[in-house]
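It should be emphasised that the depicted structure is a prediction, and the values quoted were computed from it without experimental measurement.
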Amino acid sequence: QVQLVESGGGLVQAGGSLRLSCAASGRTSSTYAMAWFRQAPGKEREFVAAISSSGINTYYVDSVKGRFTISRDNAKNTVHLQMNSLKPDDTAVYYCSCGSSAYSLTKGVVDYWGKGTLVTVSS
């Protein structure tokens with residue numbers, strides 16, 4: 001069992017930045033690839049970014065490439081999503097997740113989910 005707790009969500013103006021964090025509990029948390037998904041009101045949940053267990057490989061959905069950066073600190077069992085140049089379309093509940101590989105996470109193959117943190121971007 002892995003417990004994931006997101007933090008850092010909030011209200012930010014368009015063009016601003018926000019950093020989300022996800023704390024993972026468990027002695028083997030560092031062996032998991034991790035990812036962020038988001039779900040906007042009335043929309044399907046979509047993949048946003050993923051990172052391998054080593055932190056070497058990363059994946060992003062096209063709409064956030066160049067603006068968002070996923071990173072992890074295995075010593076602290078945390079993963080982060082640095083979001084820059086935020087747009088109103090980024091407004092969503094952001095969910096932390098983990099799985100066996102970063103690639104599989106990009107396809108929605110998820111082992112554990114966090115409860116989510118709300119990000120609201122005003123125009």
Side-chain angles (χ1 to χ4, degrees):
Q1 288 286 317
V2 175
Q3 185 172 344
L4 304 173
V5 180
E6 303 96 333
S7 63
L11 177 64
V12 65
Q13 63 186 25
S17 298
L18 204 61
R19 191 188 195 209
L20 304 183
S21 297
C22 175
S25 299
R27 291 186 180 277
T28 61
S29 296
S30 64
T31 68
Y32 287 93
M34 301 188 76
W36 291 92
F37 290 75
R38 66 186 180 187
Q39 187 166 20
K43 303 290 185 179
E44 294 287 320
R45 186 173 299 188
E46 69 168 342
F47 165 78
V48 177
I51 187 166
S52 62
S53 60
S54 67
I56 294 175
N57 299 318
T58 58
Y59 301 84
Y60 299 92
V61 67
D62 287 345
S63 61
V64 309
K65 287 182 179 178
R67 299 190 299 121
F68 291 10
T69 302
I70 188 170
S71 62
R72 67 189 299 158
D73 183 344
N74 287 344
K76 296 181 178 180
N77 289 330
T78 58
V79 63
H80 305 282
L81 185 67
Q82 178 64 47
M83 304 185 293
N84 298 327
S85 301
L86 283 162
K87 306 173 181 179
D89 284 349
D90 295 319
T91 295
V93 175
Y94 283 71
Y95 297 91
C96 181
S97 64
C98 63
S100 60
S101 78
Y103 180 78
S104 65
L105 285 168
T106 71
K107 304 303 181 181
V109 182
V110 175
D111 290 337
Y112 300 97
W113 292 98
K115 294 181 179 180
T117 186
L118 178 63
V119 172
T120 302
V121 184
S122 62
S123 61

#### Entry: Listed partners of Arg67 passing salt bridge (charged side-chain N to carboxylate O under 4.0 Å, His left out), at least two apart
Asp90

### Message
Does anything in residues 103-123 form a side-chain hydrogen bond (donor to acceptor under 3.5 Å, both in side chains)? List the pairs, not counting sequence neighbours.
### Response
Ser101-Ser104

### Query
Going from CG on Asn57 to CD1 on Ile51, what distance comes out if it is rounded to the nearest 0.5 angstrom?
9.0 Å

### Query
Shortest non-hydrogen contact from Thr91 to Pro41?
O-CD, 4.3 Å

## Note on the structure
Heavy-atom closest pair (Thr78 atom, Ala23 atom, distance to 0.1 Å) is CG2-CA, 4.2 Å

#### Entry: Derivation of the side-chain contact (heavy atoms from CB on, under 4.5 Å) call for Trp36 and Ser97
CA-CA 6 Å; Trp36 291 92; Ser97 64; over 6 Å; no

### Summary
Sorted by chain and number, sequence neighbours left out, ring-ring contact (aromatic ring centres under 6.0 Å, His included) with Phe68 holds for none

#### Entry: Side chain proximity check, Met34 to Leu4, heavy atoms < 4.5 angstrom
yes

### Summary
Sorted by chain and number, sequence neighbours left out, side-chain hydrogen bond (donor to acceptor under 3.5 Å, both in side chains) with Ser17 holds for Asn84

### Message
Counting C-beta onward and ignoring hydrogens, is there a side-chain heavy-atom pair between Tyr95 and Gln39 closer than 4.5 Å?
### Response
yes

### Task
Could you tell me which non-hydrogen atom of Val2 sits nearest to which non-hydrogen atom of Cys98, and how far apart they are?
CG1-SG, 4.1 Å

### Query
Any side-chain heavy atom of Val64 within less than 4.5 Å of one from Arg38?
yes

### Query
With sequence neighbours left out, which residue pairs that include part of residues 56-93 fulfil the disulfide (SG to SG under 2.5 Å) condition?
none

#### Entry: Full working for side-chain contact (heavy atoms from CB on, under 4.5 Å) between Met83 and Leu20
CA-CA 8 Å; Met83 304 185 293; Leu20 304 183; 3.7 Å; yes

### Task
List the atom of Ser52, the atom of Ala102, and the distance in Å for their closest heavy-atom pair.
N-CB, 3.7 Å

### Task
Indicate the atoms forming the closest heavy-atom contact of Ala49 with Tyr60, along with that distance.
CB-CD2, 3.6 Å

### Summary
d(Leu105 CG, Phe37 CZ) to nearest 0.5 Å is 6.0 Å

### Task
Kindly say whether Ser53 contributes a backbone atom to a donor-acceptor pair with the side chain of Asn74 at under 3.5 angstrom?
yes

### Message
Please find the pair of heavy atoms, one from Val79 and one from Cys96, that lie closest to each other, and give the distance.
### Response
CG1-SG, 3.8 Å

### Query
Rounded to the nearest 0.5 Å, how far does CZ of Arg72 lie from OG of Ser21?
13.5 Å

#### Entry: Residues forming a side-chain hydrogen bond (donor to acceptor under 3.5 Å, both in side chains) with Gln13, sequence neighbours excluded
none

